[in-house]
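Please read the structure below before turning to the comments.
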Amino acid sequence: MNQIVSIGTSHHVAPVEFREKLAFSEEQLIESLHHLRESYKVDEAVILSTCNRVEVYGVANSLRTAESPVKILLDFLSNYHRISVDTLKKWSYRHHNLDTIQHLFRVTSSLDSMVVGESQILGQVKDAYDFSRSAGGAGAILNRLFAKAFSVGKRIRSETTIASGAVSISYAAVELAKKIFNTLEDKTVAIIGAGEMSELTAKHLVTNGVSKVIVANRTYERAVKIAEKFKGVPVAYEEDLNFLIDADIVISSTDAPHYLIERKPLTEIMKKRKHRYMFLIDIAVPRDIEPDVSKINHAFLYNIDDLEAVVASNLKERKQEAVRAEQIVSEEAKRFHDQLQILEVNPTIKALHQQFQQIAETELQVCLDCTTLSDTQEVAVASMTQAIVKKLLHHPVENLRHAVNDGNADHGQYVHALQELFALDDNNDKEQE
Amino acid sequence: MHFLFLVTVLVYLAASIFQALYLAIGERTETSTLRPRIAQIAFWGTCLGFVLLTLFIILWWSRQGHFPMKHWTDSTAFFAWAITLIYLIVMRVPQLRAIGGLVIPGAFITILISYSFSRNTSALPENLETYWLVPHITLIFLAYAIFFTAFGFGVLYLIAEKSIREKKHTVFHNLLPSLGASDELGYRCTILGLILLSIGIMIGVVLKQYIEGVNLNWLDAHVFFTVVTWFIYVVHISFRQLWGWRGRKAAYSEIVGFIAVLWTYVGVKLFLDSAHTFR
């Protein structure tokens with residue numbers, strides 16, 4: 001029977017020193033996929049290799065391979081990357097059938113990611129799958145599996161809120177700005193000082209519609225240099241803060257040892273800007289903006305701790321949502337697993353029906369040819385043979401389906417036995433081809 | 001007729017519950033999958049209520065034989081109708097949908113008041129049988145309904161501002177319109193309401209002075225407080241234009257303005273004597 005198996009390592013179980021040893025380059029991927037099929041008798045394979053995880057998904061027929069499919073993947077990785085099987089076992093996880101399905105669904109739903117709810121992983125898995133498919137790795141079963149995994153990933157993101165709420169300081173600032181201003185389209189952001197965080201925040205604000213960037217620095221040359229990155233306007237920093245009159249959003253991150261923006265001068269500025277809202281973000285330590293500024297009407301001040309608190313509360317929300325997401329993933333995995341198994345036994349059931357039907361029809365014809373029966377008698381005999389076929393097959397088929405639904409019973413053995421006993425194997429294989 | 005109104009009241013009740021629920025359950029709870037469904041039920045419930053109410057007013061109008069504005073029971077029904085109409089216009093902007101959680105329950109309460117008064121057909125006092133009465137009353141009640149919406153935006157503004165300032169992310173924080181949006185919409189509603197109120201008052205004055213030929217008693221309680229209300233809104237708009245009164249101050253004046261409206265509409269009728277009272 002076909003087994004879906006996987007072996008992998010991720011940031012959860014292994015340090016980067018080990019993960020990098022398992023990583024695959026594109027050329028290696030093509031080579032490995034070929035290898036898996038030819039030398040290791042794996043029917044289908046997809047390899048996912050990102051900075052946080054390396055995973056190999058495979059489908060193998062347990063009847064055709066002597067070893068367990070998990071062992072095959074283990075051997076493959078061990079041989080390919082020249083790592084001992086024991087080390088590999090220590091730093092990796094291995095899954096089988098339902099567990100594999102569930103694991104992949106968790107990965108595409110970003111439940112297994114470092115930041116739950118992140119969006120990148122879905123694209124990464126898609127790329128890996130597309131690559132493996134074009135290299136001839138993925139076949140009928142993995143195609144179904146990955147298609148389902150992508151739809152589960154999307155479902156989780158739309159039905160739960162694991163992907164909502166900013167989880168980085170810079171995005172939290174953008175979200176807050178959206179709660180203050182009606183629109184960001186015609187707004188101006190001013191950056192005081194320099195720093196990665198403030199530049200990143202300004203960049204996010206610009207992508208969200210902010211139209212103008214002012215860059216202030218103690219030295220005008222620095223301001224010019226930073227302003228180039230945003231096509232911004234450089235200004236020389238002045239004590240009177242007049243350059244803030246047009247600024248709707250102010251991001252300050254200087255290394256000044258004292259407050260740059262104090263309540264009194266800013267009150268004057270607010271008057272000059274006719275009390276339009278001002279959102280001040282202080283990401284400097286020690287702080288650049290006097291905390292009392294938040295008492296000015298229409299001025300909203302958030303410092304680094306406030307933003308971090310927003311991020312922390314969002315992360316907490318995501319974690320709570322993740323519990324719900326896990327439930328959905330489990331249900332979907334179980335359903336997919338059952339469907340797949342039904343699909344596995346269906347050809348056998350069909351072949352069995354066909355064989356019985358054929359025998360019945362042949363025998364009926366022979367019988368009718370050598371006797372003379374009235375029309376009604378012919379019909380009666382024909383329907384009797386049909387009934388016999390149906391009743392003979394009823395229990396075997398029902399029990400086979402039960403074995404599929406009941407996770408403990410090994411339906412694979414049943415299928416194998418049926419194929420052997422009724423010599424269905426040949427027909428069945430032809431059909432699959 | 002009575003049955004139709006009862007159904008309308010019940011539909012409004014259901015719609016208000018779902019509107020309030022939509023606002024209350026917030027964006028990030030374990031009920032988040034329910035939220036779009038609740039929003040849908042709230043919206044279509046409101047639409048259904050609106051259609052039923054419109055039907056009722058038309059039927060009642062044709063049975064009365066004159067514009068149904070004589071009794072409380074009529075004017076409150078019309079008030080609820082106008083509130084719903086304005087909500088249906090405003091809610092086309094997704095960001096502003098939260099206002100339904102405030103104004104639709106308001107509409108429900110007014111329609112419930114309307115329902116609790118006994119309904120009987122009776123002719124208008126003769127001196128009031130004029131076509132000019134219709135725009136006079138309609139415009140003033142439309143203005144009131146718009147002021148009520150402005151009041152709603154004022155309240156939403158104060159809640160949102162508080163949560164941003166205190167850095168507390170309340171449950172429905174994420175559903176509230178941005179400060180800028182609440183402020184802007186409250187202001188626009190105020191201006192529109194003021195224009196309608198002004199025209200409505202002018203028609204009333206003209207009605208009295210030139211059609212009935214009677215001098216208007218400016219000290220009549222209802223007239224007096226209508227002018228006071230008008231004045232409050234004029235001051236609000238002038239201050240905004242002159243000194244940039246926006247945000248919290250604007251929100252407070254929207255709330256004060258509507259309290260004045262309530263007093264003029266309800267308080268005067270209950271506690272003071274006025275020529276505008278026909279109980």
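Just so you know, these numbers come straight off a predicted model, no measurement behind them. All values below were derived from every heavy atom in this structure, side-chain atoms included, with hydrogens, water molecules and symmetry-related copies excluded.
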| Who passes side-chain contact (heavy atoms from CB on, under 4.5 Å) against M278(A), sequence neighbours left out? | L244(A), V250(A), L266(A), I269(A), M270(A), R273(A), L280(A)
| request: Anything in residues 193-202 of chain B with a heavy-atom distance to chain A below 4.5 Å? Please list those residues in order. | output: none
| field | Part of A299(A) within contact of chain B (heavy atom distance under 4.5 Å) | value | backbone
| message | If I measure from the heavy atoms of chain B, does Y277(A) come under 4.5 Å with its side chain, its backbone, both, or neither? | response | side chain
| request: Check whether more than 12 heavy atoms from other residues, nucleotides or ligands sit under 6.0 Å from atom CZ of F43(B), and answer yes or no. | output: yes
| query | Do you know which of N297(A), L301(A), V323(A), T183(A) has the most heavy-atom pairs under 4.5 Å to chain B? | reply | N297(A)
| Passing option when N208(A) is tested against K178(A), E175(A), K203(A) for side chain to side chain donor-acceptor pair (under 3.5 Å) | K178(A)
| query | D306(A) side chain to N303(A) main-chain N or O, any donor-acceptor pair under 3.5 Å? | reply | yes
| message | Main chain of V116(A), side chain of S113(A): is a donor-acceptor contact present, judged purely on distance under 3.5 Å? | response | no
| request: Pick whichever of E184(B), R165(B), K249(B) has the most heavy-atom pairs under 4.5 Å with chain A. | output: R165(B)
| said: For Y144(B) and F141(B), take the angle between the two ring planes, folded into 0 to 90°, and tell me which bin it lands in: parallel under 30, tilted 30 to 60, perpendicular over 60. | reply: perpendicular
| message | Check whether Y302(A) forms a cation-pi arrangement with K167(B) (NZ or CZ under 6.0 Å from the six-membered ring centre, at most 45° off the ring normal). | response | yes
| said: Does R246(B) qualify as a cation-pi partner of Y187(B), given the criterion of NZ or CZ under 6.0 Å from the six-membered ring centre and within 45 degrees of its axis? | reply: no
